[in-house]
Amino acid sequence: QVQLVESGGRLVQAGDSLRLSCVASGVTFTTFTSFGMGWFRQVPGKEREFVAHMRWNGSTDYADSAKGRFTISTDNAKDTVYLQMNSLKPEDTAVYYCAAKKPIKGAYFRSHSYDYWGQGTQVTVSS
């Protein structure tokens, strides 16, 4: 059973940086490296929103709101995926979720393409 656990969310000020981590367990190294890993975020009353995605080969995709400010990366030796967020804005306030999808499962920007989800970590950016 694959489990994802996020951490790193907290209250920060506008302009600050923050790094979120997501550790996977219950998965072999080979399986983890084959997953597409994504970050999504959600605010109350709105749908879960795509933020960033990394394929098995290291290529990445970002939402327009994240381009140039956020970076997704992985440490396969630690079964961990990161989201480095710079120049944070109040509109980045949300619960951030880590997700994993099996290869060739569906569009990376659609939440229903993903097979496994973490419990979320709250990021709050004050103005």
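These figures come from a predicted structure and were not determined experimentally.
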inquiry  = Could you walk me through whether V123 and D92 satisfy the side-chain contact (heavy atoms from CB on, under 4.5 Å) test, starting with their C-alpha distance in whole Å, then the side-chain angles of each, then the deciding distance to 0.1 Å, before giving a yes or no?
reply    = CA-CA 8 Å; V123 173; D92 294 319; 5.6 Å; no
Between S34 and T31, does any side-chain donor sit less than 3.5 Å from a side-chain acceptor? no
Shortest non-hydrogen pair, Q119 vs V5, comes out as OE1-CA, 3.7 Å
Q | Donor-acceptor contact present, side-chain R69 to main-chain S65, <3.5 Å | A | yes
One should read off an interatomic distance between D79 CG and T74 OG1, to the nearest 0.5 angstrom, of 10.0 Å
Is the closest side-chain heavy-atom distance between T33 and W56 below 4.5 Å? no
Inset, instruction - Determine whether the side chains of T80 and D75 contain a donor N or O and an acceptor N or O closer than 3.5 Å. - result: no
Across all chains, not counting sequence neighbours, the side chain to side chain contact (heavy atoms under 4.5 Å, CB included) partners of V43 are K46, A94
Taken to the nearest 0.5 Å, the spacing of I72 CD1 from M54 CE works out to 6.0 Å
Output for pair (R19 CZ, M85 CE), nearest 0.5 Å, gives 11.5 Å
Please determine whether a side-chain nitrogen of the Lys or Arg among D64 and K67 lies less than 4.0 Å from a carboxylate oxygen of the Asp or Glu. yes
Joining Ile, Leu, Val, Met, Phe, Trp and Tyr whenever any side-chain heavy atoms lie under 4.5 Å apart, the cluster holding Y82 also takes in none
_Please evaluate residues V125 and K89 with respect to the criterion side-chain contact (heavy atoms from CB on, under 4.5 Å), reporting the C-alpha separation (whole Å), side-chain torsions for both, the decisive distance (0.1 Å), and the verdict._
CA-CA 6 Å; V125 184; K89 305 174 182 179; 5.5 Å; no
Hits for side chain to side chain contact (heavy atoms under 4.5 Å, CB included) against A100, two or more places apart or cross-chain, chain-then-number order -> L4, F35, M37, Y116
Answer yes if the ring centres of Y97 and F40 are under 6.0 angstrom apart, and no otherwise.
-> no
Would V51 and Y62 count as a side-chain contact (heavy atoms from CB on, under 4.5 Å) here? Give the steps.
CA-CA 6 Å; V51 176; Y62 295 95; 5.9 Å; no
Exercise. Would you say V95 and V81 are hydrophobically clustered, going by side-chain heavy atoms of ILVMFWY under 4.5 Å?
Worked result: no
task: Determine, step by step, whether F70 and L18 satisfy the side-chain contact (heavy atoms from CB on, under 4.5 Å) criterion, reporting the C-alpha distance in whole Å, the side-chain angles of both residues, the deciding distance to 0.1 Å, and the verdict.
output: CA-CA 10 Å; F70 294 4; L18 196 61; over 6 Å; no
The reported gap from NZ in K101 to NE2 in H112 (rounded to nearest 0.5 angstrom) is 10.5 Å
Of all heavy-atom pairs linking Y96 and L83, the shortest is CD2-CD2, 4.1 Å
In short, disulfide bond (SG atoms under 2.5 Å apart) pairs touching residues 6-124 with sequence neighbours left out are C22-C98
With sequence neighbours left out, the residues meeting side chain to side chain contact (heavy atoms under 4.5 Å, CB included) with R55 are H53, N57, S59, D61, Y108
In terms of heavy-atom contacts, W39 and L20 come closest through CH2-CB, 3.7 Å
Got N76 and K78 here, is their nearest side-chain heavy-atom distance under 4.5 Å?
-> no
By side chain to side chain contact (heavy atoms under 4.5 Å, CB included), T124 pairs with (sequence neighbours left out) L11, T93, Q122
Here the gap from R41 atom CZ to E47 atom CD, rounded to the nearest 0.5 Å, amounts to 14.5 Å
Smallest heavy-atom separation, W117 atom then S111 atom, equals CZ2-O, 3.3 Å
Note: A14 and S127 closest approach over all heavy atoms is CB-CA, 4.4 Å
Scanning both residues in full, the closest heavy-atom pair of S17 with Q84 reads CB-NE2, 3.8 Å
